[in-house]
Trainee: 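Dropping the structure in here first, questions after.
The structure displayed is predicted, hence computed values, not measured ones. The first residue of the sequence shown is numbered 1, and numbering continues consecutively from there. Just follow the structure's listing: the first ligand is 1, and inside any ligand the first atom is 1.
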Amino acid sequence: MKYTEPMLKENALQGKTIVVTGGGTGLGKSMTRYFLELGANVVITSRKFGILESTAQELADETGGKVLPVACDVRHYEEVMHMKQLAYEAFGQVDAVVNNAAGNFISPTERLSHRAFDTIIDIVLRGTYNCTLAFGKDWIEQKQKGSFLNISVSYAWTGSGYTVPSACAKAGALALTRSLAAEWGKYGIRSNAIAPGPFPTEGAWSRLFPEEAMSEELIQKFKPENAIPLGRVGEHQELANLAAYLVSDYSSYINGEVITIDGGEWLLGAGEFNKLRDVPEEAWDAIEENIRNSNKKNKAQNNS
Ligand code: HXC
Ligand code: NAP
C-alpha cells in the first residue's frame with residue numbers, strides 16, 4: 001500500500017452532493033476528482049466559468065461522475081444564493097460544503113493597500129461564512145444533516161508574517177469552524193477543518209514561492225521541503241483522502257476538529273531549538289563534552 005493511493009471504500013460517498021468552492025483548480029480539483037470517484041455528485045464553483053467548465057468535463061470523462069460547474073464569487077451573498085439554487089435544481093439537496101476558495105500572496109504588510117487586505121479577507125473569511133450561512137440555514141430549516149469542511153492552513157493559529165491577511169482570515173474561519181461545531185451540532189451539522197502545509201499547486205506556488213523572481217540562493221533557502229521534517233511536500237491524494245473521510249459518514253462523530261497535514265512543518269518552525277537540526281552530526285561530540293564539563297564545574301563549585 002502507498003500513501004498516494006485512494007483510501008476509502010468504493011461508493012463511500014454514494015448519494016451525497018458536495019459543493020467545493022474553488023473546485024476548478026489545485027486542491028479543490030483534486031478533492032473533487034476523488035469525491036466523484038467515490039460516487040458523490042459535486043458542484044464546483046469559482047469566478048472563472050471557463051476553467052470550471054473544462055475541469056467539469058475532464059473529471060466527468062475521467063470518473064463517470066456528475067459534476068456541475070457554477071460561476072460564483074463567494075464574496076457576494078446573492079451569488080452564493082444563486083449557486084445554491086442551481087445546486088438544488090440539479091441534485092435536489094446538498095449534503096456537504098467544502099470551503100476551499102482562497103486568495104493569498106506574499107508581501108510585506110506595509111506594502112499592502114487596505115483594498116488588498118480586504119480582497120483576501122473577503123475571499124477567505126467572508127466567502128466561508130457566506131457559504132456557511134447560505135447552506136446552514138437551509139439544513140436547519142429542513143432538519144437535514146450536513147457537514148462543513150473548511151480548508152485552513154497550518155499558520156492559522158500561529159499567524160505568519162508576509163501572509164498577514166491570509167493568516168487573519170484563516171484564523172477567523174477556524175474560529176467559525178469550532179464555534180459552529182458547538183452551536184450547530186444539535187442540528188446534526190458537523191464543522192471540521194483541514195490545515196495543510198505545502199501541497200504544490202499552480203495557484204499557491206505562483207503567489208507564495210515565485211521562483212522565477214528569486215535568486216538560486218533564495219530558492220534553496222525557502223524551498224518548502226527544507227522546512228518539513230519528513231523532507232517532502234504533500235501529495236494531493238493524501239489531502240483528498242482526508243477530505244473524503246471528513247465529509248463521509250465514517251467521520252460522523254468528528255465535529256469541531258482541525259487536522260493538520262503538513263509533515264510536521266509548523267512544529268519544526270515553532271520549537272525554539274528545532275533549528276539545531278542544522279548542527280552537523282560530527283559537532284555533537286564536542287558540544288556534549290562541553291556541556292558535561294560545565295556540569296562538572298558547577299557540581300565542584302556546589303560541593304566546595
Ligand atoms: C501587493 C497586491 C499584490 C501584490 C495584488 N495586490 N497583488 N498588492 N502585492 N503581489 C493588490 C492589488 O493591487 C489590489 O489593490 C488588490 O490587491 C486586489 O487585487 P486584484 O488583482 O484587483 O484582485 P483580484 O483580481 O480579485 O485577485 C485576487 C488575488 C489573486 C488574491 C490578488 O491573487 C487571486 O485571484 N488569487 C486566487 C487564487 C489564490 O490566491 N490561490 C493561492 C491560495 S494558497 P489596489 O489597492 O491596487 O486596488 C493559500 C495558502 C498557501 O491560500 C499556503 C502554502 C503553504
Ligand atoms: P488555487 O488552485 O489557487 O485555489 C484557489 C481557488 O479559489 C481557485 O480555484 C480560485 O478560482 C478560487 N477563488 C479565488 N477567489 C474566489 C472567489 N472570490 N470566489 C470563488 N472562488 C474563488 O490554490 P490551492 O493551492 O489549490 O488552494 C486551495 C485551498 O488550499 C485554499 O483554501 C488554500 O488556502 C489552501 N491551502 C493550500 C496550500 C497549498 O500548499 N497549496 C497550503 C495550505 C492551504 P477563481 O480564480 O476562478 O475564482
Trainee: For ligand 1, which part of Leu208 has a heavy atom less than 4.0 Å away: the side chain, the backbone, both, or neither?
Mentor: side chain
Trainee: Establish, yes or no, whether a centroid distance under 6.0 Å links the rings of Trp266 and Trp157.
Mentor: yes
Trainee: Closer than 4.0 Å to some heavy atom of Lys48 - which atoms of ligand 2 meet that?
Mentor: 45 (P), 46 (O), 47 (O)
Trainee: For ligand 2, note which part of Trp205 has a heavy atom under 4.0 Å away: side chain, backbone, both or neither.
Mentor: side chain
Trainee: Tell me which part of Ser152 gets within contact of ligand 2: side chain, backbone, both or neither, using heavy atoms under 4.0 Å.
Mentor: backbone
Trainee: Nearest protein heavy-atom contact for atom 37 (C) of ligand 1: which residue, which atom, what distance?
Mentor: Ala102 O, 3.4 Å
Trainee: May I ask you to identify the nearest protein heavy atom to atom 16 (C) of ligand 2, giving residue, atom name and distance to one decimal place in Å?
Mentor: Arg47 NE, 3.5 Å
Trainee: Within the 4.0 Å heavy-atom shell around Lys170, which atoms of ligand 2 are there?
Mentor: 31 (C), 32 (O), 33 (C), 34 (O)
Trainee: Starting from atom 6 (N) of ligand 1, locate the nearest protein heavy atom and write down its residue, its atom name and how far away it is, to 0.1 Å.
Mentor: Phe105 CZ, 3.6 Å
Trainee: Record the part of Val74 in heavy-atom contact with ligand 2 below 4.0 Å; permitted values are side chain, backbone, both and neither.
Mentor: both
Trainee: Would you call Glu62 and Lys29 a salt bridge, using N to O less than 4.0 angstrom?
Mentor: no
Trainee: What is the nearest protein non-hydrogen atom to atom 9 (O) of ligand 2, stated with its residue, atom name and distance?
Mentor: Thr25 OG1, 2.7 Å
Trainee: Could you tell me the residue and atom name of the protein heavy atom closest to atom 43 (C) of ligand 2, and the distance to it rounded to 0.1 Å?
Mentor: Pro196 O, 3.2 Å
Trainee: Below 4.0 Å, non-hydrogen atoms only: which portion of Asn104 touches ligand 1? Side chain, backbone, both or neither.
Mentor: both
Trainee: Counting non-hydrogen protein atoms only, what is the nearest one to atom 12 (C) of ligand 1? Give residue, atom name and distance.
Mentor: Ala116 CB, 4.8 Å
Trainee: What protein heavy atom sits nearest atom 31 (C) of ligand 2, and how far off is it?
Mentor: Asn100 O, 3.1 Å
Trainee: Looking only at protein heavy atoms, identify the closest one to atom 10 (C) of ligand 2 and say how far it is in Å.
Mentor: Ser46 CB, 4.3 Å
Trainee: Heavy-atom contact under 4.0 Å between Arg47 and ligand 1?
Mentor: yes
Trainee: Within a distance of under 4.0 Å, is there any protein heavy atom near atom 27 (O) of ligand 2?
Mentor: no
Trainee: So, regarding Thr201 and ligand 2 (criterion: nitrogen or oxygen to nitrogen or oxygen, under 3.5 Å), is there a contact or not?
Mentor: yes
Trainee: Among protein heavy atoms, which sits nearest to atom 29 (C) of ligand 1, and what does the distance come to when rounded to 0.1 Å?
Mentor: Thr119 CG2, 4.5 Å
Trainee: Does Ile51 come within less than 4.0 angstrom of ligand 2, counting non-hydrogen atoms of the residue?
Mentor: no
Trainee: Give a yes or no on whether atom 9 (N) of ligand 1 lies under 4.0 Å from any heavy atom of the protein.
Mentor: yes
Trainee: To which protein heavy atom is atom 40 (O) of ligand 2 closest, and what is the distance rounded to 0.1 Å?
Mentor: Phe199 N, 2.8 Å
Trainee: Considering only protein heavy atoms, which is closest to atom 30 (O) of ligand 2, and at what distance to one decimal place?
Mentor: Ile151 CG2, 3.4 Å
Trainee: For atom 33 (O) of ligand 1, what is the closest protein heavy atom, and at what distance to 0.1 Å?
Mentor: Arg207 NE, 2.7 Å
Trainee: May I ask you to check whether Ala101 has an N/O atom sitting below 3.5 Å from an N/O atom of ligand 2?
Mentor: no
Trainee: Given the protein's heavy atoms, is any one of them under 4.0 Å from atom 21 (O) of ligand 1?
Mentor: no
Trainee: Give the intermediate values and the outcome of salt bridge (Lys or Arg N to Asp or Glu O under 4.0 Å) for residues Arg292 and Glu288.
Mentor: CA-CA 6 Å; Arg292 285 183 185 281; Glu288 181 178 339; 2.9 Å; yes
Trainee: Out of Thr109, Val153, Ile120, Ile123, whose heavy atom sits nearest atom 53 (C) of ligand 1?
Mentor: Val153
Trainee: Who's closest to atom 42 (C) of ligand 1 heavy-atom-wise, of Gly203, Gly26, Gly103, Ala227?
Mentor: Gly203
Trainee: Check Cys72 against ligand 2 and report side chain, backbone, both or neither, counting heavy atoms closer than 4.0 Å.
Mentor: backbone
